[in-house]
A.B. asks: 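Supplied in structure tokens, the structure appears directly below.
Predicted model, so just to flag it, every value in this text is computed and none were measured. Quick note on labels: first sequence line is chain A, next is B, and so on, each numbered from 1.
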Amino acid sequence: MINISLPDNSVKQYPEGITSQDIAKDISEGLARNVLAAKVNGEVIDALQPIHDDAEVKLLTWDDPEGRDAMWHSSAHLMAEAIEQLYPGVKFGIGPAIENGFYYDIDPGEHTITQEDLPKIEKKMKELAKQKQEFVREEVPKKQALDYYKKKGDEYKVELIDELEDGTITFYQSGDFTDLCRGPHIPHTGPIKAVKLLSIAGAYWRGDENRKQLTRIYGISFPKKKQLDEYLEMLEEAQKRDHRKIGKELEIFTFSQNVGSGLPLWMPKGAELRERLEQFLKRLQREAGYDQVITPHIGNVNLYKTSGHFQKYGADSFQTIKTPNEGEEFMLKPMNCPHHCEIYKAKQFSFRDLPVRYAEFGTVYRYEQSGELHGLTRVRGFTQDDAHIFCTPEQVKEEFKGVMDIILKIFKALDFENFVAQVSLRDPKNKENYIGSDENWERSEQAILDITEESGLDYVVEYGEAAFYGPKLDFMVKDALGRSWQLGTVQVDYNLPERFELEYTGSDNEKHRPVMIHRAPFGSMERFVAVLLEHTAGKFPLWLTPEQVRVLPISEKYHKFAEKVLSLLQNYDIRGQIDRRNEKIGRKIRDTELMKIPYMLIIGEKEEQEDKVSVRKQGEGDKGSMSLDEFAKEMKNTIDNELNV
RNA sequence: GCCGAUGUAGCUCAGUUGGUCAGAGCAGCUGAUUUGUAAUCAGCCGGCCGGCGGUUCGAAUCCGUCCAUCGGCUCCA
């Protein structure tokens with residue numbers, strides 16, 4: 001007998017070799033039906049795998065992320081099985097579970113698989129799922145595994161196995177399909193009740209663009225049809241919120257092929273919105289002791305050679321431009337930091353002057369590959385809410401905290417309630433991709449880790465995600481639909497100060513090197529506005545929205561009164577317009593609702609006589625009538641509250 | 001950049017196998033209506049069917065190429 005301890009701290013005795021599935025059965029039939037995998041001593045294994053020693057066991061169901069992973073991973077196998085049956089001879093790459101669902105990379109060989117084939121594959125999957133095919137785990141020697149795939153002619157699997165150590169190779173078999181796989185898998189295909197293949201796309205074998213491009217099919221599956229329906233509904237909602245769609249509808253921005261792809265044009269309402277965001281941040285920065293600076297859009301190529309940007313990115317960026325007579329070379333500014341370093345160098349600093357904080361809404365230009373451009377989130381010209389803090393090593397912590405304060409205030413004012421911090425460190429295996437000494441890197445990485453830990457924020461650590469000159473702390477926010485976006489970023493940098501030979505005089509009367517902190521709370525104005533559009537579905541907070549109120553006269557007769565109403569609102573700094581069109585009130589309301597303008601003031605004979613306004617709130621309907629003064633004060637209050645962060 | 005898909009009026013989309021196929025709705029303009037909480041009616045304007053080449057008696061429709069957009073991959077200071 002062995003002792004099995006469960007998450008509720010109970011310990012039960014079972015015969016040696018019992019499976020998690022049987023433990024579940026012992027607890028309840030219902031649980032046994034729902035168990036997808038198990039975590040045994042911290043390791044996720046099949047529910048059908050025997051347990052030989054005393055262990056801590058957690059049964060995993062759909063409610064556990066690891067349970068869902070097992071389900072989706074098994075779904076990928078199921079899809080492969082279906083594909084193999086429908087298209088004999090296809091070869092398989094890898095088929096993992098991902099954040100939302102699964103995919104499988106396949107080499108279709110002589111077949112072509114297109115979007116139209118997906119329903120067919122789906123149907124086959126459902127058929128196979130109903131057979132409740134058991135996922136049978138088998139450990140095989142490396143040679144046998146290689147022979148199997150060599151015989152089958154699947155060079156991708158052969159390559160994968162070649163890199164594995166002998167003795168660790170496991171195969172899983174379900175129905176007629178056998179796959180090299182680490183597992184874990186769900187007990188059988190039965191729980192895959194609802195499945196949807198979502199898209200098909202090309203993907204390089206092993207992510208290497210020099211290697212063959214395989215066909216990747218994405219899908220998702222659920223144990224209940226209803227969950228799939230809900231998920232598909234959520235996808236539809238996400239599509240409705242696509243910033244490219246509502247950004248166009250609300251006249252926030254546009255693109256023109258005549259200007260160039262990836263170069264956004266901000267329309268008046270978008271510019272108004274952006275201006276508000278900038279003013280808001282400028283206020284916070286003023287309060288935090290920042291100084292505003294301004295730098296040009298191009299800079300001598302030598303500047304970026306000094307910073308290292310040219311060596312690192314020059315080959316892939318926009319070509320340099322030259323002066324006609326002297327032949328001097330300039331680059332479109334890809335980063336603001338070198339310019340800010342030069343501003344720092346223009347003056348002498350004592351330790352008493354530090355920290356120095358230079359802020360600029362700096363527009364930068366980067367050549368992004370054509371296939372990578374995407375709405376406002378990935379563009380070739382964008383404005384960073386950039387700032388560089390030059391401080392003493394002792395001040396780093398305090399300054400870093402100040403930056404985090406600003407970021408958190410912004411998230412609060414804009415209703416981003418869910419976010420996690422991501423500490424991005426360099427890839428320890430590829431140190432040559434980064435500039436600067438090991439010592440500097442270790443110092444800055446440790447600083448970021450310490451500060452993040454002390455802040456008490458939730459955070460994850462990612463290796464290989466650092467900037468080439470220093471580690472980063474990025475803020476990933478979750479929007480209203482639960483999708484993650486990377487927004488604000490803070491970076492500690494010991495390297496650029498060295499490259500630019502920045503100095504300050506210490507209390508010892510010696511020259512010292514300052515530390516630089518790069519930070520951008522919004523990230524870029526373009527990207528931030530895109531995320532904001534999707535997060536709010538265009539219903540911006542009152543303080544931010546370009547048009548806060550629209551006055552809707554019942555007919556022309558009340559235009560005079562409407563003007564009086566509007567000018568009173570303007571005295572309160574409330575932004576609005578009058579709908580003077582010769583339309584019925586229903587029409588004016590509809591159009592105003594669709595433009596997501598938060599308040600409508602309907603005025604007609606009654607309102608004019610009583611000197612009141614009828615208030616209608618976007619998305620909520622008629623709120624009854626009140627005096628204009630009362631309305632304006634209430635609005636002002638709401639706005640002040642929103643901004644009081 | 002790579003793979004695949006798409007590209008018809010300002011917007012959303014119809015246009016079967018190449019032959020009155022250049023259309024609709026919305027928007028816009030003009031006029032009528034002077035309106036009470038999500039679309040008043042009528043008339044009109046508007047397109048070199050993404051660009052360029054080709055096949056054909058004839059191309060929005062077939063082929064090639066370039067550009068752009070979309071879905072991914074790779075990349076992201």
Side-chain angles (χ1 to χ4, degrees), chain A residues 103 105 112-116 198-218 239 242 244-245 248-249 251 254-258 260-262 304 307-314 316-317 333-338 364-375 377-380 382 384 386 434-435 465-470 472 486 489 491 493 496 518 520 524 527 552-559 581-595 600-607 614-625:
Chain A
Y103 68 79
D105 283 347
T112 44
I113 299 180
T114 66
Q115 190 81 36
E116 283 80 62
L198 296 164
S199 64
I200 186 164
Y204 299 111
W205 170 234
R206 315 207 82 177
D208 183 344
E209 62 181 312
N210 297 313
R211 306 200 59 179
K212 183 157 181 176
Q213 190 145 23
L214 305 179
T215 302
R216 175 173 296 180
I217 301 178
Y218 286 92
Q239 258 177 20
D242 191 318
R244 291 166 300 186
K245 185 170 141 58
K248 188 185 273 182
E249 284 167 3
E251 298 170 16
T254 187
F255 286 93
S256 159
Q257 290 187 28
N258 299 324
S261 62
Y304 309 106
S307 71
H309 289 99
F310 185 78
Q311 293 84 326
K312 179 84 180 163
Y313 296 101
D316 304 320
S317 50
K333 177 167 70 174
M335 280 294 271
N336 300 305
C337 26
V364 296
Y365 301 89
R366 298 177 185 175
Y367 172 76
E368 301 289 354
Q369 299 187 100
S370 59
E372 197 43 59
L373 301 170
H374 180 95
T377 59
R378 196 74 191 272
V379 288
R380 286 177 172 165
F382 58 97
Q384 296 179 313
D386 215 354
Y434 307 89
I435 59 167
E465 296 291 312
F468 74 94
Y469 50 76
K472 305 192 286 179
Q486 190 209 306
T489 179
Q491 303 164 11
D493 180 5
L496 287 189
H518 308 239
S524 89
R527 188 179 170 77
L552 310 180
I554 297 285
S555 83
E556 263 170 33
K557 291 182 205 157
Y558 312 106
H559 281 189
R581 291 177 306 165
N582 184 2
E583 291 289 351
K584 290 172 133 178
I585 194 66
R587 177 54 181 278
K588 294 183 182 177
I589 287 169
R590 180 184 156 79
D591 291 345
T592 312
E593 288 273 351
L594 290 176
M595 288 306 280
M600 284 153 264
L601 297 183
I602 290 145
I603 56 169
E605 189 178 358
K606 202 168 63 178
E607 287 74 16
S614 277
V615 180
R616 184 187 164 100
K617 200 168 176 190
Q618 203 273 347
E620 294 180 25
D622 195 353
K623 293 282 169 192
S625 70

A.B. asks: Please state how far atom CG in A:Asp242 lies from atom P in B:C70, giving the value in whole angstrom units.
C.D. replies: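 Distance, rounded to whole Å: 9 Å.
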A.B. asks: Answer with yes or no whether the side chains of A:Glu607 and A:Tyr558 bring together a donor and an acceptor at under 3.5 Å.
C.D. replies: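 The answer is no; no qualifying pair exists.
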A.B. asks: Check if the side chain of A:Arg378 and the base of B:C76 share a donor-acceptor pair of N or O atoms closer than 3.5 Å.
C.D. replies: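 A donor-acceptor contact between them is present.
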A.B. asks: Judged by each residue's nearest nucleotide on RNA chain B, which is more toward the 5′ side, A:Arg380 or A:Gly619?
C.D. replies: A:Arg380
A.B. asks: Among side-chain atoms of A:His518 and A:Asp493, is any donor-acceptor pair under 3.5 angstrom?
C.D. replies: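 Side-chain D/A pair, A:His518 to A:Asp493: present.
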A.B. asks: Ignoring hydrogens and angles, answer whether the base of B:G1 and the side-chain atoms of A:Tyr204 contain a donor-acceptor pair closer than 3.5 Å.
C.D. replies: yes
A.B. asks: Do the side-chain N or O atoms of A:His374 get closer than 4.0 angstrom to the phosphate oxygens (OP1, OP2) of B:G71?
C.D. replies: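 Yes, such a contact exists.
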A.B. asks: Given B:G1, B:A77, B:C67, which nucleotide is nearest the side-chain atoms of A:Gln369?
C.D. replies: B:G1
A.B. asks: Hey, does A:Arg206 reach any base, or is it just sugar-phosphate, or nothing, if we go heavy atoms under 4.0 Å?
C.D. replies: nothing
A.B. asks: If you look at every strand shown and take non-hydrogen atoms under 4.0 Å, does A:Arg216 touch a base, only sugar-phosphate, or nothing?
C.D. replies: sugar-phosphate
A.B. asks: With a non-hydrogen cut-off below 4.0 angstrom, is A:Gly586 in contact with a base, only sugar-phosphate, or nothing?
C.D. replies: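 Sugar-phosphate only.
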A.B. asks: From the list B:U34, B:G71, B:G1, which nucleotide is the closest neighbour of the side chain of A:Ser555?
C.D. replies: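 Nearest to the side chain of A:Ser555 among the choices is B:U34.
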A.B. asks: Side chain of A:Ser261, base of B:U69: donor and acceptor closer than 3.5 Å?
C.D. replies: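 When only heavy-atom distances are counted, A:Ser261 does not reach the base of B:U69 through any donor-acceptor pair under 3.5 Å.
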A.B. asks: Please classify the nucleic acid contact of A:Ser614 as base, sugar-phosphate, or nothing, using heavy-atom distances under 4.0 Å.
C.D. replies: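 Base contact.
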A.B. asks: Under 4.0 Å between a side-chain N or O of A:Arg527 and OP1 or OP2 of B:C76?
C.D. replies: no
A.B. asks: Indicate, with a heavy-atom threshold strictly under 4.0 Å, whether A:Tyr367 touches base, sugar-phosphate, or nothing.
C.D. replies: sugar-phosphate
A.B. asks: B:A39 base to A:Arg590 side chain: any donor-acceptor pair below 3.5 Å?
C.D. replies: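 Per atom types, the contact qualifies.
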A.B. asks: Look at the side chain of A:Glu607 against the base of B:G36 and say whether a donor-acceptor pair falls under 3.5 Å; ignore hydrogens and angles.
C.D. replies: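 Pair found.
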A.B. asks: Check every atom of B:U34, B:U40, B:C11 against the side chain of A:Lys248 and return the nucleotide holding the closest atom.
C.D. replies: B:C11
A.B. asks: Give A:Gln115 one of three labels, base, sugar-phosphate or nothing, depending on what nucleic acid heavy atoms sit under 4.0 Å from its own.
C.D. replies: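 It contacts nothing in the nucleic acid.
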A.B. asks: With heavy atoms under 4.0 Å as the rule, sort A:Glu605 into base, sugar-phosphate or nothing.
C.D. replies: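 Since a base atom lies under 4.0 Å of A:Glu605, the category is base.
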A.B. asks: Just call it for A:Ile585: base, sugar-phosphate, or nothing, with non-hydrogen atoms closer than 4.0 Å on any strand.
C.D. replies: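 If one applies the 4.0 Å heavy-atom cut-off, A:Ile585 turns out to touch the sugar-phosphate alone, with no base involved.
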A.B. asks: Can you tell me if A:Tyr204 and A:Arg206 form a side-chain donor-acceptor pair at under 3.5 Å?
C.D. replies: no
A.B. asks: Check this one for me: any side-chain N or O of A:Arg244 less than 4.0 Å away from OP1 or OP2 of B:G71?
C.D. replies: yes
